[in-house]
Amino acid sequence: MSQRKASADAGPATIRDVAERAGVSVASVSRVLSGNYPVSDDLRRRVMKVVRELDYVTNAHARSLAGGGTPTVAILINHITGAAFAHVAKGVEGAASLRGWLTLVGTTGDDPERELALVNLMRQQGVAAVVLLGGAYDFEEYQLRMARFARSLDAAGSHLVLVGRPPLEGDVPATTVDYDNEGGAYAMASHLLSAGHRRVLVLPGPAELTTAQGRLNGARRAFEAYGVPFPPDMVHHGPYEFEHGLRAVESVLRNGSLFTAILAGTDVVAAGAMQALRSAGLRVPEDVSVVGYDDIPLASQLTPKLSTVHVPYEEMGRVALRAVADRREGGGAGRRGGDGAHLVLGTHVVVRQSVRPPERQG
């Protein structure tokens, strides 16, 4: 038995370890494992017995993930059905495929503990990079643990890429690919205000999520710029889901609160809001204007077509993958502190048919 394998901590088995324990040559082991050459049944049994004992196949896979073979990028996303960040994942996968890289997709289910656990698991698996999609949780402990994982990934030769969220604080080796989230919300709120709306129902998203915080801040800044009091009673937080848009608008209508426009945190939330308005006998945009955020395909499929903020999600995915590839090849797109580039892509308002000046103010 190899001295190197005498300890469980000696590291992953190699083909030489298999050959030594089986008492055969490395070439013989290679022939057995490839399956492309005729070998005797006795040789196959001896080699495969050692392969199982040393867990050689599993370790070989781990080395492949770590860069000894095909680089693998792990994409972590809140929900596999989330339309916006599915486009980011498409961009990452497309750019990875062009380079012959592999991609893995994991879902966090909007659970910060599961997200952290998956990042740690991918670190243990030795992936080339972990691409984390979507807003971050505004908890100090979460941020500290994510920074620790970023440093741990870096020490292991991997890299953390944050997409669609602010960079981590301090000297952290992580690349951030963000977009002008707050600026997009500012522009969209300004579009409603310039049309004459003053009572606007705002559905920015989950209160603890940085994405929602940015969109709410952008709306507030627009109201301030127009000299219009921002109505805090018109802000309703909730998940980025159709059901939230539906229930929030139903609740506000039941309470008798008056509004002439809805600023939704996503196009999906806007679709739910439009359904609630229709059920209440209200027309869009004749009675209530509605705008969204993201510009996913759904926005142009609604009736009326939805005015929204365009976010270059697929391009963000491509940029994220290129940042990883540049780093592995010794290049990079600039540095910010702890070996972390911070790249910001622009957003813009897409004007369609869901906004018109109000006939009256609430």
Side-chain angles (χ1 to χ4, degrees), residues 82-84 87 179-205 211-212 214-216 218-223 226 228 230-231 234-253 257-313 346-362:
H87 288 279
Y179 58 98
D180 190 6
N181 181 35
E182 188 171 320
Y186 177 91
M188 182 51 80
S190 297
H191 178 61
L192 290 175
L193 290 162
S194 65
H197 294 280
R198 296 296 181 266
R199 289 286 292 176
V200 179
L201 174 61
V202 183
L203 310 175
T211 305
R215 293 177 188 182
L216 183 57
R220 282 200 180 105
R221 285 202 299 112
F223 274 77
Y226 275 76
V228 177
F230 186 78
M234 286 283 96
V235 178
H236 289 252
H237 291 285
Y240 288 134
E241 297 173 1
F242 179 94
E243 194 72 12
H244 170 58
L246 178 71
R247 299 305 176 204
V249 172
E250 287 177 342
S251 174
V252 173
L253 289 173
S257 298
L258 300 176
F259 56 93
T260 64
I262 299 173
L263 175 60
T266 69
D267 298 337
V268 172
V269 173
M274 291 170 71
Q275 177 62 49
L277 293 171
R278 281 193 295 269
S279 297
L282 297 171
R283 301 164 299 166
V284 177
E286 292 83 358
D287 299 314
V288 179
S289 293
V290 180
V291 299
Y293 205 116
D294 287 337
D295 195 26
I296 61 174
L298 171 69
S300 60
Q301 297 164 0
L302 294 169
T303 304
K305 294 181 179 180
L306 184 68
S307 293
T308 186
V309 176
H310 177 79
V311 182
Y313 285 119
T347 56
H348 64 268
V349 169
V350 179
V351 177
R352 294 193 176 103
Q353 303 162 354
S354 62
V355 176
R356 70 164 50 177
E359 294 184 2
R360 61 180 179 82
Q361 287 293 330

Contacts table for residues 296-304: side-chain donor-acceptor under 3.5 angstrom, sequence neighbours left out:
residue, atom, partner, partner atom, Å
S300, OG, P297, O, 3.1

> Among all residues two or more places apart in sequence or in another chain, which pass the side chain to side chain donor-acceptor pair (under 3.5 Å) test with S279?
Replying inline: Q275
>> So V309 and R215, do their side chains get closer than 4.5 Å, heavy atoms only?
In response: no
>> Nearest 0.5 Å, please: how far is CG in L201 from NE2 in H236?
In response: 5.5 Å
>> With salt bridge (Lys or Arg N to Asp or Glu O under 4.0 Å) as the rule and sequence neighbours excluded, what pairs involving residues 179-188 come up?
In response: E182-R221
> Who passes ring pair (Phe, Tyr, Trp, His ring centres under 6.0 Å) against F242, sequence neighbours left out?
Replying inline: none
> Which pairs count as salt bridge (Lys or Arg N to Asp or Glu O under 4.0 Å) when at least one residue sits in residues 261-283, sequence neighbours excluded?
Replying inline: R283-D287
> Which heavy-atom pair separates G292 from A270 by the least distance, and what is that distance?
Replying inline: CA-CB, 4.1 Å
> If every non-hydrogen atom of P204 is compared with every non-hydrogen atom of Y240, which pair is closest and at what distance?
Replying inline: O-OH, 2.7 Å
> Residues two or more places apart in sequence or in another chain: which of them pass side-chain contact (heavy atoms from CB on, under 4.5 Å) with P231?
Replying inline: R199, F223, D233, M234
>> If the condition is salt bridge (charged side-chain N to carboxylate O under 4.0 Å, His left out), which residues does E241 pass it with, not counting sequence neighbours?
In response: none
> With sequence neighbours excluded, what pairs up with S251 under the side-chain contact (heavy atoms from CB on, under 4.5 Å) test?
Replying inline: R254, N255
> Under the side chain to side chain donor-acceptor pair (under 3.5 Å) rule, what pairs show up with a residue in residues 289-298, not counting sequence neighbours?
Replying inline: N181-Y293, H197-S289, D294-Y313, D295-H310, D295-R352
Donor-acceptor list for residues 183-192 side chains, cut-off 3.5 Å, not counting sequence neighbours:
residue, atom, partner, partner atom, Å
S190, OG, Y186, O, 2.7

>> Once rounded to the nearest 0.5 Å, what's the spacing between atom CG of L253 and atom CZ of F259?
In response: 4.5 Å
>> Within this structure, what is the CG-CG distance for the pair L216 and L203, rounded to the nearest 0.5 Å?
In response: 11.0 Å
> What closest approach, in Å, do S354 and S307 show between heavy atoms, and which atom pair accounts for it?
Replying inline: OG-N, 2.9 Å
> Given I262, which of V269, V252, L277 fulfils the side chain to side chain contact (heavy atoms under 4.5 Å, CB included) condition?
Replying inline: L277
